[in-house]
Structure formats: structure tokens, C-alpha cells
Amino acid sequence: ILEILTAEQGLLSASARGARRQKSPLLPSTQFLSFCDFELFRNARTGQFTVDAAERVADFRLLRESVERLICASHLAELMGDAARDDHIETPDLYRLMAVTLATLNREDRDPMLVVRAFEFRLMCLIGYTPVLDACAVCGTPLEPESEGVRFGLVVCGTVCQRPSCIARGGERLALETGTLACMRYLRDAGLERLYSFQLEHKSFESLSDICERFVENQMEKRYSKLDLLATL
């Protein structure tokens with residue numbers, strides 16, 4: 001049984017009979033993270049899909065050869081699988097984001113964890129959890145480009161200024177570097193073709209990584225553990 005992310009119909013489940021056989025024509029196109037053209041048959045009575053034919057469009061070779069990138073890709077697939085199950089999400093945007101992200105992760109010149117954090121943040125924006133980044137999420141006061149002392153509030157889903165009343169109402173707040181805030185605004189607004197065209201200093205990346213990990217788990221109400229395997233490498 002395959003889970004196929006499509007641009008038109010979202011996430012579909014389809015049966016690929018005999019795909020595990022060594023000489024099956026479906027074997028190359030039904031591997032994990034395959035980017036393919038599928039011909040599907042839909043049973044009018046049961047509504048179930050069956051794979052009639054498939055042709056691989058792109059071969060993400062590096063994702064299979066690098067354990068680190070494979071772990072990252074597995075994490076992205078799990079997160080996308082959860083997000084795409086919501087019937088109210090605009091699936092073309094999710095499809096394009098996944099395609100662009102896997103193609104970027106397949107490049108040796110791209111930091112896989114930076115790709116992961118950028119994907120996580122953009123995905124949250126696409127499924128309706130865009131955080132407030134241009135003003136205090138509590139009082140609404142606009143933030144200056146170089147505002148100091150600003151933190152990211154998980155409960156209020158956005159930036160929190162230094163006013164004592166906002167701090168008291170903002171709940172748990174995470175450290176937010178100036179470069180991290182600018183990066184988050186970029187990830188929110190950039191076109192997909194330029195989503196990964198940025199660099200980030202180490203300190204700002206650590207801040208982004210902490211925020212994205214906590215933000216995703218808070219909004220999705222789930223602990224994602226696949227990335228923990230990176231610590232064993």
C-alpha cells in the first residue's frame with residue numbers, strides 16, 4: 001500500500017500489487033520518496049485506488065546514499081503525511097513544497113538540517129499556523145527591524161515584546177536572535193523557487209532550530225523523533 005502525495009487530490013492510498021517482486025515493473029517506482037508519474041485505477045464501488053503503471057521522474061540518489069539526508073527526508077515525509085491529511089489544506093502548495101524540498105535536500109551543497117527547519121516553518125505557514133512576526137502577538141505593537149529583547153511565544157504563536165504585561169500573558173517564550181527573526185520573515189514570504197536561497201550564522205540557526213522544533217510539535221500536538229537518530233551517527 002503506497003501513500004502518494006498528489007497536487008490535485010492530496011494524499012492518496014493506492015495498492016501496488018506485486019511491487020515487491022524482484023522483476024516487477026513497479027519496483028523502481030514504488031520505493032520510499034520516489035518522484036513518479038502514476039496511472040491509477042479507482043474502483044467505483046469501493047473507491048480504492050490501484051496502481052496500473054508508474055514511471056520514475058526523478059531519482060533522489062543522494063537521499064539513499066547519505067544516512068543523514070535519508071533521516072531528514074524521513075522526518076519531512078512523516079510531517080507532510082500528517083499535514084496533508086487535512087482535507088481543507090491547499091494541496092498544490094504542499095505538493096510543490098515537498099518536491100522543491102526533496103530536490104534541494106538531494107544537493108550536496110545544501111545543509112540538510114537548514115533545509116529541514118526551513119521546510120518545517122514554511123509548512124506551518126501553509127497549513128494555517130503562520131506566526132505573528134511583525135508586531136507583538138500580545139499587544140499588537142509593531143516591531144522595529146532591530147528590536148531587542150523580542151522573544152518567540154509558543155502559546156501566542158508569534159513574537160512577544162518586552163512589556164511586563166506581554167511577558168506575563170505570552171506564556172513560554174523562546175530566545176529569538178535578530179538574524180533568526182529576519183530569516184523567519186523570509187521563509188514566510190519568499191517564493192518557493194527562492195525558499196532555500198539563504199544562509200544563516202550558527203547562533204541564529206540554533207535559535208531557528210529550537211523554535212521550529214518546538215513550534216511544530218506544539219501546533220501538530222505530536223512528538224517527532226526521527227531526527228533523534230542523527231545524534232547516533
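The figures here come from the full heavy-atom set of this structure, side chains too, leaving out hydrogens, waters and symmetry mates.
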- Task: Identify whether Ile71 and Leu33 are in the same connected component of the hydrophobic contact network (ILVMFWY, side-chain heavy atoms under 4.5 Å).
- Result: yes
- Determine yes or no for a side-chain-to-main-chain donor-acceptor pair under 3.5 angstrom, with Asn106 supplying the side chain and Leu62 the backbone. yes
- Just by distance, do the side chain of Thr50 and the backbone of Ser15 share a donor-acceptor pair under 3.5 Å? no
- To the nearest 0.5 angstrom, please state how far the NE2 atom of His75 sits from the CG atom of Leu229. 11.5 Å
- Might you point out which heavy atoms bring Ile1 and Ser13 nearest each other, and give the distance in Å? CG2-CB, 4.4 Å
- Can you tell if the side chain of Cys139 reaches within under 4.5 Å of the side chain of Cys161, non-hydrogen atoms only? yes
- Message: Do Phe38 and Leu2 make a side-chain contact, defined as non-hydrogen atoms from C-beta onward lying under 4.5 Å apart?
- Response: yes
- Item | Spacing of Leu63 atom CG and Glu68 atom CD [to the nearest 0.5 Å] | 11.5 Å
- Message: Looking at Arg223 and Asp228, is any side-chain nitrogen of the basic one under 4.0 Å from a carboxylate oxygen of the acidic one?
- Response: yes
- If you measure from the Lys or Arg side-chain nitrogens to the Asp or Glu carboxylate oxygens, is any gap between Arg117 and Glu120 under 4.0 Å? yes
- What distance separates Leu174 CG from Arg151 CZ, expressed to the nearest 0.5 Å? 8.0 Å
- Message: Take a 6.0 Å sphere around CD of Gln199 and say whether it holds more than 12 heavy atoms from other residues, nucleotides or ligands.
- Response: no
- Look at atom CZ of Arg173 and say whether more than 12 heavy atoms of other residues, nucleotides or ligands are closer to it than 6.0 Å. yes
- Counting only heavy atoms not in Lys203, do more than 12 sit closer than 6.0 Å to its NZ atom? no
- Could you tell me whether the side chain of Leu123 reaches within less than 4.5 Å of the side chain of Leu94, counting heavy atoms only? yes
- Message: Looking at Leu97, is its backbone amide N or carbonyl O close enough to the side chain of Thr101 to form a donor-acceptor pair, meaning the two atoms are under 3.5 Å apart?
- Response: yes
- Query: Which atom names give the shortest non-hydrogen contact between Arg17 and Leu26, and what distance separates them?
  - Reply: O-CD1, 4.2 Å
- Query: Would you say Arg214's side chain and Leu154's backbone share a donor-acceptor pair under 3.5 angstrom?
  - Reply: no
- Message: Is there a path of hydrophobic side-chain contacts, each under 4.5 Å between heavy atoms, that joins Tyr129 and Leu176?
- Response: yes
- Message: Could you check whether Arg107 pairs with Asp109 (Lys NZ or Arg NE/NH1/NH2 to Asp/Glu carboxylate O, under 4.0 Å)?
- Response: yes
- Answer whether the closest heavy-atom distance between the side chains of Met80 and Glu3 falls below 4.5 Å. no
- Message: Let me confirm one number: the CZ-CZ distance from Phe119 to Phe121, rounded to the nearest 0.5 Å.
- Response: 14.0 Å
- Task: Would you indicate whether Glu78, at its atom CD, is surrounded by more than 12 heavy atoms from other residues, nucleotides or ligands within a distance under 6.0 Å?
- Result: yes
- Task: Spell out, yes or no, whether Leu208 and Leu76 are grouped together once hydrophobic residues are joined by side-chain heavy atoms under 4.5 Å, including indirect joins.
- Result: yes
- Message: As an exercise, state the distance from CE of Met124 to CD of Gln219, rounded to the nearest 0.5 Å.
- Response: 7.5 Å
- Query: Where do Ala175 and Ile211 come nearest, in terms of heavy atoms and distance?
  - Reply: O-CD1, 3.7 Å
- Contact check, side chains of Val100 and Tyr196, non-hydrogen atoms, under 4.5 Å: yes
- Criterion side-chain contact (heavy atoms from CB on, under 4.5 Å) on Leu227 and Cys72, from CA distance to verdict: CA-CA 7 Å; Leu227 293 178; Cys72 290; 4.3 Å; yes
- Query: How long is the span from the CZ atom in Phe152 to the CD atom in Glu177, to the nearest 0.5 Å?
  - Reply: 15.0 Å
- Item | Ser209 side-chain N/O to Phe205 backbone N/O, donor-acceptor pair under 3.5 Å | no
- Are Phe215 and Val150 joined in one hydrophobic group, where the rule is that I, L, V, M, F, W and Y side chains link up if heavy atoms are under 4.5 Å apart? yes
- Message: With side-chain contact (heavy atoms from CB on, under 4.5 Å) as the criterion, how do Leu11 and Ile4 come out once you've worked through the C-alpha distance, each side chain's angles and the decisive distance to 0.1 Å?
- Response: CA-CA 6 Å; Leu11 194 65; Ile4 305 172; over 6 Å; no
- Task: Quick one: closest heavy-atom pair of Ile167 and Gln162, and the distance?
- Result: CD1-O, 3.4 Å
- Could you tell me whether a side-chain N or O of Arg163 sits under 3.5 Å from a main-chain N or O of Cys136, the two making a donor and an acceptor? no
- Shortest non-hydrogen separation from Gly171 to Val155 and the atoms involved: CA-CG2, 4.4 Å
- Item | Test item: Arg69 side-chain N/O and Leu105 main-chain N/O as donor-acceptor pair under 3.5 Å | yes
- Query: Taking atom CD of Glu217 as the centre, does the number of heavy atoms from other residues, nucleotides or ligands within less than 6.0 Å exceed 12?
  - Reply: yes
- Query: Are Val138 and Met184 connected in a single hydrophobic cluster, I mean Ile/Leu/Val/Met/Phe/Trp/Tyr linked by side-chain heavy atoms less than 4.5 Å apart?
  - Reply: no
- Do Lys226 and Leu230 come within less than 4.5 Å of each other through their side chains, counting heavy atoms only? no
Which donor-acceptor pairs under 3.5 Å do side chains of residues 186-195 form with protein atoms, sequence neighbours excluded?
residue : atom : partner : partner atom : Å
Tyr186  : OH   : Arg194  : O            : 2.3
Arg188  : NH1  : Asp134  : OD2          : 2.9
Arg188  : NH2  : Asp134  : OD2          : 3.3

- Closest contact, heavy atoms only, Ser29 versus Ser34: O-CB, 3.7 Å
- Query: Is Ser24 reaching over with its side chain to a backbone N or O of Arg20, donor-acceptor style, under 3.5 angstrom?
  - Reply: no
- Task: Hey, can you tell me if Phe35 and Tyr95 have their rings parallel, tilted or perpendicular (30° and 60° cut-offs)?
- Result: tilted
